[in-house]
*Asks:* 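Got a structure here, written out as structure tokens. Questions coming.
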Amino acid sequence: MAPGSTLPQGLNARQREAVLYLDGPCLVLAGAGSGKTRVITQKMAYLLRECGYQARHVVALTFTNKAAREMNERVRTLVDPRLLRGLTVGTFHSLGLRFLREEYAGAGLKRGFSILDATDAQGIVQELLATTDRARLRAVQQTISLWKNALLDPDGAARVAQGPDEAEAVRVYRSYEATLRAYQSVDFDDLIRLPAQMLAADEALRARWQARVQYLLVDEYQDTNACQYQLVRMLCGDRAMFTAVGDDDQAIYAWRGATVENLAQLARDYPSLRLIKLEQNYRSVQTILEAANRVIGHNPKTFDKTLWSDLGTGEPIVVTPMDSDLAEAESIAMRLSAARFERQAQWKDFAVLYRGNHQARVMEQALRTLRIPYTVSGGQSFFDKAEIRDVLAWLRLIANEDEDPAFIRAATTPRRGIGQGTLQALGAEAARRGVSLHAVAADVSEAVLPSARQREAVRDFVRLVDHFRARASRRGGAVPPLPGTAVQGDLLAFDPDPPAFDAADAAVGGQAVAEATPAGLAGAATGIDGLRGDDAARVLDDLLAAMNYERHLYDTLDERQAQSRWANVLELLEWLKRKADEDDMTLLELVQHVALVTMLERADDEEPDAVKLSTLHASKGLEYPHVYLIGVEEGLLPHRGGDDEGDVSEAAVAARARRIEEERRLMYVGITRAQRTLRISWCRKRRRGREDTICEPSRFIAEMGLQAEAPRPVGDTDPDRTLDRLKALLKR
DNA sequence: CGAAGAGTAGTTTTT
DNA sequence: CTACTCTTCG
């Protein structure tokens with residue numbers, strides 16, 4: 001589109017209103033498929049091109065990297081690149097990280113603080129709880145996370161905690177926070193909580209950031225939690241120049257602290273809030289929308305909203321009972337083949353959606369036997385793979401030597417003579433002195449480790465780590481600084497205004513209050529953060545060589561696995577080098593960032609022609625011509641929650657009802673992914689653990705109020721004949 | 001200390 | 001069925 005053409009374009013009246021409204025706070029209730037991304041991107045374009053907003057003053061927040069990426073791409077097609085410099089389109093978490101990168105001192109953090117992912121955090125909780133009971137571990141971690149997201153500190157949590165389990169969780173919460181601080185680390189929740197709290201507490205800080213964020217757009221607003229809401233409010237201030245876009249019917253993240261009430265709360269906090277509803281759906285045929293409307297009609301409504309479309313009636317929705325999950329998968333695989341042929345469609349026109357990740361397994365198997373190409377969404381992320389964590393542990397340790405989890409991982413993989421016993425001894429001493437493992441290891445004494453052999457192993461390891469730390473700190477052949485030397489320089493990749501920070505405060509214990517003086521940054525690229533560009537690439541290669549990691553892989557695994565893992569490591573290296581270069585980030589900044597990133601970036605070349613397998617959660621925001629919704633049974637969808645079945649107390653009943661409502665919204669999300677056809681299946685029998693269980697069809701199927709379709713399994717003969725042909729083919 | 005083997009438990013959703 | 005954990009042995 002030629003810059004200078006009039007915006008907005010190709011919008012309906014409501015969408016247009018949402019884009020043009022700039023007189024104050026604005027809430028857009030955008031039903032599924034009603035073009036909300038279009039509204040946000042067009043509004044950004046409008047702000048930048050027509051209203052004279054500078055890009056660096058406009059911030060758009062999303063929940064997922066995927067959404068952020070998509071928005072970025074779409075806005076790039078609308079606006080001249082020169083006007084986009086400094087524009088922020090990112091997740092809440094990445095904004096929080098950016099904030100902390102500048103304001104770390106105010107949070108009591110050092111510059112090279114680490115971000116612990118869920119796995120790291122779980123390790124800490126496990127240690128504190130001294131249990132390996134998986135369920136209990138998850139429960140406690142979850143509870144702590146919910147408290148954090150509700151802006152409750154351990155004292156606050158103690159006030160609301162009930163029962164012995166929660167009392168214990170409070171205890172763990174307290175130690176957990178102390179541990180994070182000792183590691184100079186933050187977890188995912190802190191990335192939002194800390195900025196929100198700091199902004200609330202410090203007026204000058206608030207003023208500075210409010211000057212920076214002059215217009216804020218928030219996507220998926222129904223999924224915000226108390227922290228995120230607070231952050232939004234603090235960033236907007238009384239000026240309240242923001243647009244929030246959301247859909248209460250698609251709120252599916254209550255389990256991680258999101259509160260739909262934030263939608264209604266917005267109207268209370270901002271009486272001048274302009275409410276705009278988008279109800280025209282551009283995605284689905286009427287049959288599908290009607291079913292979706294009927295299902296969601298069973299939920300109590302905050303905002304009334306009825307989707308409609310003019311895309312025609314469409315084919316009826318088909319519900320099929322299956323004998324087992326295996327039969328379901330095989331049947332769907334065959335149907336997919338048949339349907340692709342009959343409809344002259346592509347594989348990527350089909351999606352199979354399910355409640356839980358584990359359901360993908362059976363489906364994958366069935367697709368593989370029929371040689372149907374597929375991609376699975378979610379699953380374990382690239383950065384969760386063992387080999388990736390192994391390498392990253394080293395980098396993290398170099399960036400932040402206080403981070404014990406990284407120390408432990410790096411010290412023990414590959415094996416280098418440091419095992420349980422050694423670590424225990426180091427750990428005990430570290431606890432006694434209140435310092436990190438690295439600090440103990442750096443000058444390990446005979447009193448701590450009696451065995452000379454162990455001491456030698458530890459010393460070798462520390463030498464290696466320190467070697468790379470020195471390399472990382474060195475610039476142009478200068479002498480490496482001593483350990484503990486203050487880190488200088490504040491090079492930010494994002495070019496924010498004004499450079500909110502000077503550098504020297506790190507030298508005095510990190511608590512110095514920052515003055516908003518424009519920092520003289522010339523020649524400040526010393527210190528550990530200075531590692532960038534070509535240096536980064538060289539150090540990475542050397543580090544990997546020093547780790548002897550490839551050898552380790554081939555020693556411990558069979559050829560095939562070792563090969564694939566090594567390939568992953570190389571890919572990580574390439575990615576790190578490329579990113580460091582592209583985003584002009586230092587390697588160690590990048591290492592921080594990695595916890596937040598999924599490697600979607602490589603999928604951007606072109607998406608392959610493959611059937612999409614996805615959880616319902618991960619499917620939000622996407623659309624497919626033909627959707628198969630599988631495992632639609634009581635107990636799975638709605639998922640049966642905790643074990644408060646017998647509990648008839650008012651609170652428990654209410655909690656159960658709310659859970660069902662959320663599951664219903666999940667069903668709604670699933671239905672509204674479909675553009676043209678929707679097939680739903682459920683299993684009479686399902687393997688659960690070691691036993692088969694009998695299943696009932698989900699109540700949501702009845703709630704769709706479909707035309708009383710006769711429960712004939714051979715309802716459509718044509719595809720079935722194709723199925724038989726395929727079966728015969730397979731036999732041979 | 002570490003590797004190989006046997007047993008056992010596990011299945012919601014994600015930044 | 002698998003992936004992970006705990007145990008035992010070298």
*Asks:* Would you indicate which nucleotide in B/dT15, B/dT14, B/dC1 comes nearest to any side-chain atom of A/Thr91?
*Replies:* B/dT15
*Asks:* Quick one: ring pair (Phe, Tyr, Trp, His ring centres under 6.0 Å) partners of A/Tyr229, sequence neighbours excluded?
*Replies:*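 Here no residue qualifies.
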*Asks:* Could you say whether the aromatic ring of A/Trp255 and the base of B/dT13 stack, counting only centre distances under 5.5 Å and plane angles under 30°?
*Replies:*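 Yes, A/Trp255 stacks on the base of B/dT13.
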*Asks:* Look at all strands and tell whether A/Phe63 reaches a base, only sugar-phosphate, or nothing, counting heavy atoms closer than 4.0 Å.
*Replies:* sugar-phosphate
*Asks:* Below 4.0 angstrom, which residues in residues 411-419 of chain A have at least one non-hydrogen atom near DNA chain B?
*Replies:*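 Close to the strand are A/Arg415, A/Arg416, A/Gly417, A/Ile418, A/Gly419.
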*Asks:* Quick one: A/Arg686 CZ to C/dC1 C1', roughly how many Å, whole number?
*Replies:*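 Rounding to the nearest Å, CZ of A/Arg686 and C1' of C/dC1 are 16 Å apart.
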*Asks:* In chain order, what residues pass the side chain to side chain contact (heavy atoms under 4.5 Å, CB included) check against A/Arg551, with sequence neighbours excluded?
*Replies:* A/Asn548, A/Asp555
*Asks:* Give every residue pair that meets the salt bridge (charged side-chain N to carboxylate O under 4.0 Å, His left out) criterion with at least one member in residues 404-419 of chain A, sequence neighbours excluded.
*Replies:*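 Sorted pair list: A/Asp390-A/Arg409.
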*Asks:* If you assign each of A/Thr615 and A/Leu423 to its closest nucleotide in DNA chain B, which residue comes earlier from the 5' end?
*Replies:* A/Leu423
*Asks:* When you measure from the side chain of A/His358, which nucleotide among B/dT13, B/dT11, B/dC1 comes out closest?
*Replies:* B/dT11
*Asks:* I'd like to check the ring pair (Phe, Tyr, Trp, His ring centres under 6.0 Å) partners of A/His617; sequence neighbours left out, ordered by chain and number.
*Replies:*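 In terms of ring pair (Phe, Tyr, Trp, His ring centres under 6.0 Å), with neighbours along the sequence ignored, A/His617 is linked to A/Tyr253, A/Trp255.
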*Asks:* Reckon A/Thr422 has a side-chain N or O less than 4.0 Å from the OP1 or OP2 of B/dC1?
*Replies:*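 A/Thr422 to B/dC1 OP1/OP2: side-chain N or O found under 4.0 Å.
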*Asks:* Could you tell me whether the phosphate oxygens of B/dT13, OP1 or OP2, come under 4.0 Å of any side-chain nitrogen or oxygen in A/Asn357?
*Replies:*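 Yes, such a contact exists.
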*Asks:* In B/S/- notation, 5' to 3', how is nucleotides 3-10 of chain C contacted by protein heavy atoms closer than 4.0 Å?
*Replies:* --SS----
*Asks:* Could you tell me whether the side chains of A/Glu403 and A/Ser185 share a donor-acceptor contact shorter than 3.5 Å?
*Replies:* no
*Asks:* Please list, chain by chain and in numerical order, all residues satisfying side chain to side chain contact (heavy atoms under 4.5 Å, CB included) with A/Thr91, sequence neighbours excluded.
*Replies:*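 A/Thr91 satisfies side chain to side chain contact (heavy atoms under 4.5 Å, CB included) with A/Thr62, A/Asn65, A/His93, A/Ser94 once adjacent residues are dropped.
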*Asks:* Of the nucleotides B/dT15, B/dC1, B/dT13, which has the atom closest to the A/Arg256 side chain?
*Replies:* B/dT15
*Asks:* Applying ring pair (Phe, Tyr, Trp, His ring centres under 6.0 Å), can you list everything that pairs with A/Trp394, at least two apart in sequence or on another chain?
*Replies:* A/Phe461
*Asks:* Could you verify whether a donor N or O on one side chain and an acceptor N or O on the other, from A/Gln184 and A/Asn400, lie under 3.5 Å apart?
*Replies:* no
*Asks:* For the pair made of CD in A/Gln141 and C1' in B/dT15, what is the distance, rounded to whole Å?
*Replies:*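 In whole Å, B/dT15 C1' and A/Gln141 CD are 13 Å from each other.
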*Asks:* Is any side-chain N or O of A/Gln359 closer than 4.0 Å to OP1 or OP2 of B/dT11?
*Replies:* no
*Asks:* Check the distance between B/dT14's P and A/Asp187's CG and give it to me in whole angstrom.
*Replies:* 18 Å
*Asks:* For the C1' atoms, the ones on C/dC4 and on B/dT13, what distance do you get once it is rounded to whole angstrom?
*Replies:* 22 Å
*Asks:* Does A/Phe242 have any ring pair (Phe, Tyr, Trp, His ring centres under 6.0 Å) partners at least two apart in sequence or in another chain, and if so, which?
*Replies:*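 Testing A/Phe242 for ring pair (Phe, Tyr, Trp, His ring centres under 6.0 Å), a comparison that skips the adjacent residues, returns A/Tyr270.
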